[in-house]
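Have a look at the structure below, then the notes.
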Amino acid sequence: MNPNAIDTQAIEMKAARMRYDIVEMIAAAGSGHPGGSLSAADIVATLYFGIMKHDPAHPDAPERDRFVLSKGHAAPVLYAALSEAGYFGREHLITLRKLGSLLQGHPDSKKTPGVEVSTGSLGQGLSIACGIALGLNPETADERSVYCLLGDGECQEGQVWEAAMFAAHNSLESLVAIVDRNGLQIDGACSEVMCLGEIEAKFAAFGWEVATCDGHDIEGIIDSIARVRAVSGRPGVVVASTVKGKGVSFMEGEAGWHGKAPSTEETEVALRELQAALEEKGASL
Amino acid sequence: MSKRATREAFGSTLVQLAGEGVDVVAVEADLSKSTTTATFADAYPERFFNAGIAEQNMINVAAGLAVAGKIAFTGSFAVFATGRAYDQVRNTVCYSELDVKLAPTHSGITVGPDGGSHQMLEDIALMRVLPGMRVLVPADYFAACEALRLAAATPGPFYIRLGRAAIPAVYDESFRFELGKAYVVREGSDVTLAACGVMVERALAAAELLAVDSISAEVIDVATIKPIDADAIAASAAKTGGVVACEEHSIIGGLGSAVAEVLGEHQPVPFARVGVRDVFGTSGEPEELMAHFGLTAHHVAQAAREVLHRRS
């Protein structure tokens, strides 16, 4: 990947459209997780529209990069990206969480085109990503990457650190973890519920290449991923600081918006704000 | 015929499969010598991954390897692979329907001196209830080799229950494991002994004891607990009119429960369960423990006589 060749403005537009879709689909579902979906929108948009090699027409193409959404409750951000990329039509988004929908409450690889593996029980995705990285043909593995998005609260799961140990021990250089550090979990601030201390220092101690960035700065995300990918012989992690609920004024920084849908009135306000943000970037739905 | 443990089949069968061009890999959790996956690691080091003492990671690394197209076997002991990593088996392996084949060893009380913490008696129940999981309990070394081959050749999740103790052979090299088939290993007309794993050989011994009293026992090896061979079990029950289920597992949720479900729905007959009666194991030598927990041929024969008594 050549970081300079990536059109960051186009990614910003994609992220803005994805935010609108996220709120619209969760409102239609009447339940879901807007906070952690909105915090991850710029990261996921950057991966799908700037960094990853993938082809919606051939979701199983062997040369594709792989993405594992370990924080599976942020399924709406993945569905928004997959729909935007063309894995399935946008009309499916409003069927989220409904009986018979392609789009389950948490990612289901048996139902949704483009979803590599089912997730939702926290702490498992990084281990799965390790296995995928191991299993890719060693002769072409250096051309392919495995990306795994985790939440910072999720890092309270002990298995994340079993995987951290495993990835470094096996020198999984094609593996890139991204931590969406929005600082909040269901019961409140991560620092108050169960303080993680320094996530960067912990990964570094396990032998990972570590970079940090503002998780809403597309250029910063691209540069950080490029930086950890450039180091051979060990896995890389980007700790991206984000704002939970980013883009909707009344959701930003509020733990209460982790896992509930907005009311009709709240949805109107949120979509108006997101529409304005879209227009500001010269984009439309 | 010398005795062999079912676990001895694990590493050597993986070596054979790899030699035949099957894309198998193995993920272990620091027990490669005990489970015999070390044999595979020696022959194919690039296909063997040790997760260390981290069973949850072991299961999900195997899941990732399966996502990448491999046929991934996992080791460790039955108590850890199913109990400690249950959510990983449920939510990743089974929910995504992946080619992960759990073949942990050291199931049941024949683990011996390590005691109750390491004697897994609930694994069949835990695995049987998972949608999409196939559960195989080989009766001897030859059946274990074939169970591993069947799992490698059949897409989707498998649980293969292996043991630590050397046990007598029931079969020979000619045995072929068919998914969902219960094998009639001795024909009879008075009572059915439906057994799995180490209890198949004991059920055969019980049939000999019963024959002394002119009781003709039919012995069925229910080698696949799921999908269960309801037709074979119901047909034998219809013929004999009474069934005893025999397993080295809790009487709750395992073979006994699976057979009871079949009989209750298709062929209600007097029925008894021989198994560990809702308690944990304890330290001791395997044969001492089999006697202590009521899993000898004599116990099976006694249960059969009680079933016959209830029938008449």
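Note: hydrogens, waters and symmetry copies are ignored here, and every other heavy atom, side chains too, is used. Order of the sequence lines fixes the chain letters, A, B, ..., with proteins taken first and strands second; residue numbering starts at 1 for each chain. Note that the structure is predicted; figures quoted are calculated from it, not measured.
Annotation for B/Lys33: atom NZ does not count as buried by contact number, only 12 or fewer foreign heavy atoms lying within 6.0 Å. Surrounding NE2 of A/His169 are at most 12 heavy atoms belonging to other residues, nucleotides or ligands under 6.0 Å away. Few gaps surround CZ on A/Arg64; more than 12 heavy atoms of other groups in view lie less than 6.0 Å from it. In this structure, B/Glu97 places its CD atom where only 12 or fewer heavy-atom neighbours from other residues, nucleotides or ligands lie under 6.0 Å away. The number of heavy atoms from other shown groups lying within 6.0 Å of CD (B/Glu20) is above 12. Within 6.0 Å of CZ on B/Arg84 lie no more than 12 heavy atoms contributed by other residues, nucleotides or ligands. By the neighbour-count criterion of 12 heavy atoms within 6.0 Å, atom CD1 of A/Ile94 is sparsely surrounded, having that number or fewer from other residues, nucleotides or ligands.
In this structure, the portions of A/Ala163 lying under 4.5 Å from any heavy atom of chain B include both its backbone and its side chain. Heavy atoms of B/Val67 lying under 4.5 Å from chain A belong to its backbone as well as its side chain. Residue B/Asp23: no heavy atom, backbone or side chain, is found under 4.5 Å from chain A.
A/Leu134 CG to B/Arg47 CZ: the interatomic distance, rounded to the nearest 0.5 Å, is 14.0 Å.
Put simply, the side chain of A/Gln159 reaches to within 4.5 Å of the side chain of B/Gln88, judged on heavy atoms. Annotation: side chain of B/Leu65 is not in contact with side chain of A/Ile132 (no heavy-atom distance under 4.5 Å).
Contact record, B/Tyr95 with A/Ser118: CD2-CB, 3.5 Å, taken as the closest heavy-atom pair.
At a cut-off of 3.5 Å, with distance as the only test, a side-chain donor of B/Asn60 or A/Gln124 sits close to an acceptor on the other residue.
Ranked by heavy-atom pairs shorter than 4.5 Å toward chain B, the options A/Gly125, A/Ser109, A/Gly131 are led by A/Gly131. Contacts with chain A were tallied for B/Ile59, B/Asp87, B/Val27, B/Leu98; B/Asp87 has the most, counting heavy-atom pairs under 4.5 Å.
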